Amino acid sequence: MDYKMDSGWRLHPIGGDTGQAYMGTRAEERVFLKRNSSPFLAALSVEGITPRLIWTKRVGNGDVLTAQEWLNGRELNPDEMRGQSVRDILHRIHHSENLLKMLQKVKGEIFNPINFYNLYVADLPDDLKSNSVLQQAAEYVKNSITSIDDSQKTVCHGDVNRKNFLLDEEDRLYLVDWEMVKIADPFSDISTLLVQYVPHEEWRVWLEQYGLQMNDNMERRLEWYSMMVCLCLIKKSHSQERNVEMNQLILLLKQLYQNRLNSYL
């Protein structure tokens, strides 16, 4: 993408699913540039959850570029996703009244359980529609929506994936890529992490270390969102032809569905 940047800045595309991220260079300076980032980014920068926001610029074609400090670091590995630093940053986000007010101010999207369900059923491939495990689980979450629909909502990242956690050279952890941010039940984020990175038998310990004392309401929400996350990740894995990952998720979904009437943690 050719942007006319002043003062000698040059843009170099870098990896990413959206194709909207760049390294900006000028002499010895480097910044991380992104097209059309969430306007919520400024609040996250102030809270230290993302790297420091340096400037925002509207360019000739109407796109908005944001520049953040360039940090040398790495993404987390799967085992590190179970660590306390990840729990801490999610806890901060889910319990920040300031971030919630700021996201509401910029008209952040409100996501209810039906929205998550609709994401799954939209354009669902026929072979997934005919899978009996997926059919049963999808019917169950659909019929259970009303039991969790009035849950308190907070700021949720919306894509809790190890590649969105940046650990810099000074061991500071940041959570990046906020394009899917939403106002939703925090169990949507929590379940996304648990399903992908934490063995099922360790869920209880993780939840306690996050700071939750589980009650019946929380158990129902965890049950619902963990099944919903499984369904959505199965759909994603299928579209990307990651069959081993998809089959592992189907096995977990089957276990969650079979244990749905019991305390399965």
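Quick caveat: nothing in here was measured; it's all calculated off a predicted structure. Atom set for the values below is all heavy atoms of this structure, side chains included, hydrogens, waters and symmetry mates excluded. FYI, the numbering just counts along the sequence from 1.
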Shortest non-hydrogen contact from [X] to [Y]?
{"X": "Trp224", "Y": "Val141", "result": "NE1-O, 2.8 Å"}
{"X": "Trp70", "Y": "Asn72", "result": "NE1-OD1, 3.4 Å"}
{"X": "Ser45", "Y": "Leu53", "result": "OG-N, 2.8 Å"}
{"X": "Tyr225", "Y": "Phe187", "result": "CB-O, 3.6 Å"}
{"X": "Thr50", "Y": "Leu41", "result": "OG1-CD1, 3.8 Å"}
{"X": "Asp189", "Y": "Cys156", "result": "OD2-CA, 3.2 Å"}

Count the heavy atoms of every other residue, nucleotide or ligand shown that sit under 6.0 Å from [atom1] of [X], and state whether that count exceeds 12.
{"X": "Asn215", "atom1": "CG", "value": "yes"}
{"X": "Leu251", "atom1": "CG", "value": "yes"}
{"X": "Gln213", "atom1": "CD", "value": "no"}
{"X": "Asn118", "atom1": "CG", "value": "yes"}
{"X": "Lys153", "atom1": "NZ", "value": "yes"}

Check your understanding: Would Gln68 and Leu33 satisfy side chain to side chain contact (heavy atoms under 4.5 Å, CB included), going step by step from the backbone distance to the final call?
Key -> CA-CA 7 Å; Gln68 293 173 269; Leu33 297 171; over 6 Å; no
For the side chain of [X] and the backbone of [Y], is there at least one donor-acceptor N/O pair under 3.5 Å apart?
{"X": "Asn115", "Y": "Asn112", "result": "yes"}
{"X": "Gln196", "Y": "Val160", "result": "yes"}
{"X": "Asn164", "Y": "Asp159", "result": "yes"}
{"X": "Arg92", "Y": "Glu47", "result": "yes"}

Using a strict threshold of under 4.0 Å (side-chain N to carboxylate O), is an ion pair present between [Y] and [X]?
{"X": "Arg74", "Y": "Glu80", "result": "yes"}
{"X": "Glu75", "Y": "Arg162", "result": "yes"}
{"X": "Asp177", "Y": "Lys34", "result": "yes"}

Could you tell me the separation between the [atom1] atom of [X] and the [atom2] atom of [Y], rounded to the nearest 0.5 Å?
{"X": "Phe32", "Y": "Leu71", "atom1": "CZ", "atom2": "CG", "value": "10.5 Å"}
{"X": "His238", "Y": "Leu249", "atom1": "NE2", "atom2": "CG", "value": "13.0 Å"}
{"X": "Ile93", "Y": "Thr154", "atom1": "CD1", "atom2": "OG1", "value": "9.0 Å"}
{"X": "Lys105", "Y": "Leu99", "atom1": "NZ", "atom2": "CG", "value": "13.5 Å"}
{"X": "Leu231", "Y": "Lys236", "atom1": "CG", "atom2": "NZ", "value": "15.0 Å"}
{"X": "Arg82", "Y": "Leu194", "atom1": "CZ", "atom2": "CG", "value": "11.0 Å"}

Shared hydrophobic cluster for [X] and [Y] (ILVMFWY, side-chain gaps under 4.5 Å):
{"X": "Leu175", "Y": "Leu166", "value": "no"}
{"X": "Ile89", "Y": "Val46", "value": "no"}
{"X": "Ile148", "Y": "Ile114", "value": "yes"}
{"X": "Tyr174", "Y": "Val86", "value": "no"}

Review point. Going through the checks in order, is the side chain to side chain contact (heavy atoms under 4.5 Å, CB included) test met by Gln104 and Ile183?
Key: CA-CA 8 Å; Gln104 291 169 334; Ile183 299 170; 3.7 Å; yes
Review point. Parallel, tilted or perpendicular: which fits the ring planes of Tyr210 and His95, with parallel below 30° and perpendicular above 60°?
Key: tilted
Check your understanding: Parallel, tilted or perpendicular: which fits the ring planes of Tyr140 and Tyr257, with parallel below 30° and perpendicular above 60°?
Key -> perpendicular
Check your understanding: Are Leu212 and Ile190 close enough that some pair of their side-chain heavy atoms sits under 4.5 Å apart?
Key -> yes
Point to revise | Stepwise salt bridge (Lys or Arg N to Asp or Glu O under 4.0 Å) test for Lys129 and Glu139 | key: CA-CA 11 Å; Lys129 289 181 182 178; Glu139 186 68 17; over 6 Å; no
Review point. Would Gln84 and Gln209 count as a side chain to side chain contact (heavy atoms under 4.5 Å, CB included) if you check the C-alpha gap in whole Å, the side-chain angles of each, and the deciding distance to 0.1 Å?
Key: CA-CA 8 Å; Gln84 188 62 44; Gln209 292 174 336; 4.0 Å; yes
Exercise for review: Walk me through it: do Met246 and Glu241 pass the test side chain to side chain contact (heavy atoms under 4.5 Å, CB included)?
Suggested key: CA-CA 8 Å; Met246 181 181 71; Glu241 299 184 346; over 6 Å; no
**Study point:** Cation-pi, Phe111 ring and Lys182 (6.0 angstrom, 45 degrees)
**Key:** yes
